[in-house]
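For reference, the structure discussed in these notes is given below.
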Amino acid sequence: MTPWRICPMGEAALLIECTLNDVATANAHALALAEVLPAEWRPLPAIRSVLIRFDPLRDAYDEVQARVRRALAGIAPDALPAGRQVTIPVRYGGEHGPDLEDAAHRLGLAPDELIAQHTAQPRRVLMIGFAPGFPYIGPLPASLTLPRRATPRAAVPAGSVAIAAGMTGIYPSQLPGGWHLIGRTEVVLFDPAREPPALLQPGDRVQFVAT
Amino acid sequence: MLRVIAPGALCTVQDLGRPGYQRFGVPVGGAMDPVACIIANRLAGNPPSAACLEITAGGAAFEVVAPCVIAVAGGDLGATLGSRPLPTWTSAFVRTGQRIHFEARRSGARAYLALAGGVDAPLVLGSRSTYLPGRFGGLGGRALQMDDVIRPASPPADPIRLAGRIWPKPVDYTPLIRILPFHIPPDLPDLSDLNDLPDLNNLTALPWRVGATSNRIGLRLEGAVPHIERAGDLPSFGVFPGAIQLPPDGRPILLMADAQPTGGYPVIAVAIQADLHRAAQLLPGDEVRFAWTTRDAAVAAWRALCELLDSPIAADEGVELAAAAQG
């Protein structure tokens, strides 16, 4: 039985969390749950949770809870769609990835070894957040896990590929940021004129390729 | 149709935002004070989803370049039409050459100027709202500037009938935000480094001051009260306007319209949806208090607010304005 916790968040929202230990498994459960919840509640999947928002005048709290519990009983994360595979070409190191050498040093790797591990296999988009179109991709193996930089940068260039907190991400636009910048891509991750606006969606698998 | 003479501190095009795009990392956005935005639209004969100008603090000025009906709601920024006061919570017919001036803040922080027919701007992800950090929505994704022209999105049905209307019921802007408790108990396996839960009595003990770096993303709260001890970082989860985050510096942030849809700071309380418009009318330096409430009270307050927004509008006597329109 998958452990879930339903936390009321104000009078018009619920945060439904999967408390399984393993991040990848908890995320698969959260993505599967987001697929089966009513669209009118705008289910928002994140690392290990789904936020829903509802109108308490239309949907009574107890009824929302009951529907969520029925949805939880019915989900099958094993049946989670494989997700699209998206290839992201990256220029690693140098001006494109100013933190590559330092990050490799901290991890006890040669820069080439870090690149080899980063490109070793496709990894899952766990969620989109922080900024429009910003993918949290992972989880990364322990050998690539670093805490965030002590001092965040005020402006990280658009397209920067970065690692921190056991995940890898891509800055869709120039943003402040505290992750370690290891490379850069020219792929456009977010375009508000596009529908959907984000290139990547939770559940997609990203394969980084060194160019 | 209006021309911007001066945008003041910040003037942007806003409607009711982009619900439904949060899973792509897009904030809900939209009017900081959706109550005033909806009322301004209703006075101007628009659907609630029409776009308005959100005018922040004083200093904004507009010249009428084609006759139209406007309505003003929300904060009292000392609006004048020519040499006469332009009362908040009313609609008015304005003639070519007249000037609308929001002179200085008297109460509140944000006024909403509706234009009969709705303010025109391209729809981006289903909304005309300006999202400044993302540089999209509104007019070119930016704040209004001098010489921008504000056009109606569609011609109004009956400009004369729409002029001189008065909103019948006052909106409560008491700087008191009712909150519901929220915390993620620290029993998740990856949260073992969390300290004890913070002592939240400080949250309601004394007023907080709205900090200088507050903006459309959130109100930073600075206290005469001691900082609340931080808890820790969490795996990012969905948040929304009204959630009160506790970042590492111990100064809470009340998330507002442009808040990112996910966050990793602990959330310690959630403002009830019926009080968010009160927070929207605060500027840096203002005081605000918080008070715990219950879910039932929150839903009752939401019902009352929805009923208020449905109030029928009777036309003002308004003879003078109607006559002016015909002249």
Side-chain angles (χ1 to χ4, degrees), chain A residues 5 7-13 15 17-23 26-27 30 34 39-40 42-53 55-57 60-61 126-136 148 165-166 172-173 175 189-202, chain B residues 18-28 122 124-126 131 133-137 141 178-185 187-191 233-240 242-243 260-264 267 269-274 293-303 306-307:
Chain A
R5 184 166 51 217
C7 306
M9 205 167 172
E11 77 282 17
L15 187 70
E17 283 183 290
C18 181
T19 59
L20 282 175
N21 198 352
D22 180 66
V23 172
N27 181 256
E40 81 236 34
R42 293 143 53 191
L44 174 61
I47 300 290
R48 53 163 67 251
S49 63
V50 179
L51 174 74
I52 58 169
R53 303 187 65 190
D55 180 352
L57 300 186
Y61 175 76
L126 302 173
M127 63 175 279
I128 305 289
F130 170 57
F134 185 104
Y136 289 74
R148 291 175 176 81
S173 55
L175 291 161
L189 281 117
F190 184 83
D191 178 356
R194 210 159 52 185
E195 187 70 51
L199 173 71
L200 298 170
Q201 301 186 33
Chain B
R18 300 184 170 85
Y21 286 92
Q22 284 67 64
R23 61 184 295 151
F24 304 112
V26 178
V28 177
V124 178
L125 304 176
Y131 177 48
R135 300 186 195 89
F136 63 82
R178 288 165 286 183
I179 53 177
L180 291 167
F182 180 84
H183 61 82
I184 296 185
D187 62 353
L188 282 178
D190 43 357
L191 300 182
D233 276 339
L234 305 168
S236 287
F237 57 99
V239 293
F240 50 89
Q260 293 156 1
T262 59
V267 169
V270 180
I272 70 171
Q273 298 295 295
T293 187
T294 63
R295 179 187 303 131
D296 286 349
V299 174
W302 181 244
R303 179 176 289 113
C306 291
E307 285 170 2

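Remember, it's a predicted structure, so these values are computed and weren't measured experimentally. Below, chains carry the letters A, B, ... as their sequence lines are ordered, and counting in each starts from 1.
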Using a 3.5 Å distance criterion without hydrogens, assess whether the side chain of Thr262(B) forms a donor-acceptor pair with backbone atoms of Phe130(A).
yes
Who among Gly10(A), Pro132(A), Gly129(A) has the most heavy-atom pairs with chain B under 4.5 Å?
Pro132(A)
Where is the tightest heavy-atom contact between Arg178(B) and Thr293(B), given as atom of each residue plus distance?
CB-CG2, 3.7 Å
Checking Phe136(B) against chain A: side chain, backbone, both or neither under 4.5 Å from a heavy atom?
side chain
Heavy-atom nearest pair, Gly238(B) first then Met9(A), reads O-CE, 3.6 Å
With sequence neighbours excluded, what pairs up with Phe240(B) under the ring pair (Phe, Tyr, Trp, His ring centres under 6.0 Å) test?
none
Measuring heavy-atom distances to chain B, does Ile128(A) have an atom under 4.5 Å in its side chain, in its backbone, in both, or in neither?
both
By a 4.5 Å heavy-atom criterion (distance strictly below it), what part of Pro19(B) contacts chain A: side chain, backbone, both, or neither?
both
The interface call for Pro192(A) against chain B, heavy-atom contacts under 4.5 Å, is both
Does any heavy atom of chain B fall under 4.5 Å from the side chain of Arg53(A), the backbone, both, or neither of them?
side chain
Part of Gln201(A) within contact of chain B (heavy atom distance under 4.5 Å)
side chain
Taking every non-hydrogen pair under 4.5 Å, which of Ala12(A), Ala131(A), Ser173(A), Ala39(A) racks up the most with chain B?
Ala131(A)
For Pro8(A), is it the side chain, the backbone, both, or neither that has a heavy atom closer than 4.5 Å to a heavy atom of chain B?
both
Where the side chain of Glu11(A) meets the backbone of Gln273(B), is there a donor-acceptor pair that is under 3.5 Å apart?
yes
State, yes or no, whether a side-chain contact exists between Val267(B) and Val239(B) at a heavy-atom distance under 4.5 Å.
yes
With a 4.5 Å cut-off on heavy-atom pairs, point out which of Arg23(B), Gln260(B), Arg295(B) contacts chain A the most.
Arg295(B)
Could you check whether any side-chain N or O of Asn27(A) sits under 3.5 Å from a backbone N or O of Arg48(A), counting only pairs where one atom can act as donor and the other as acceptor?
no
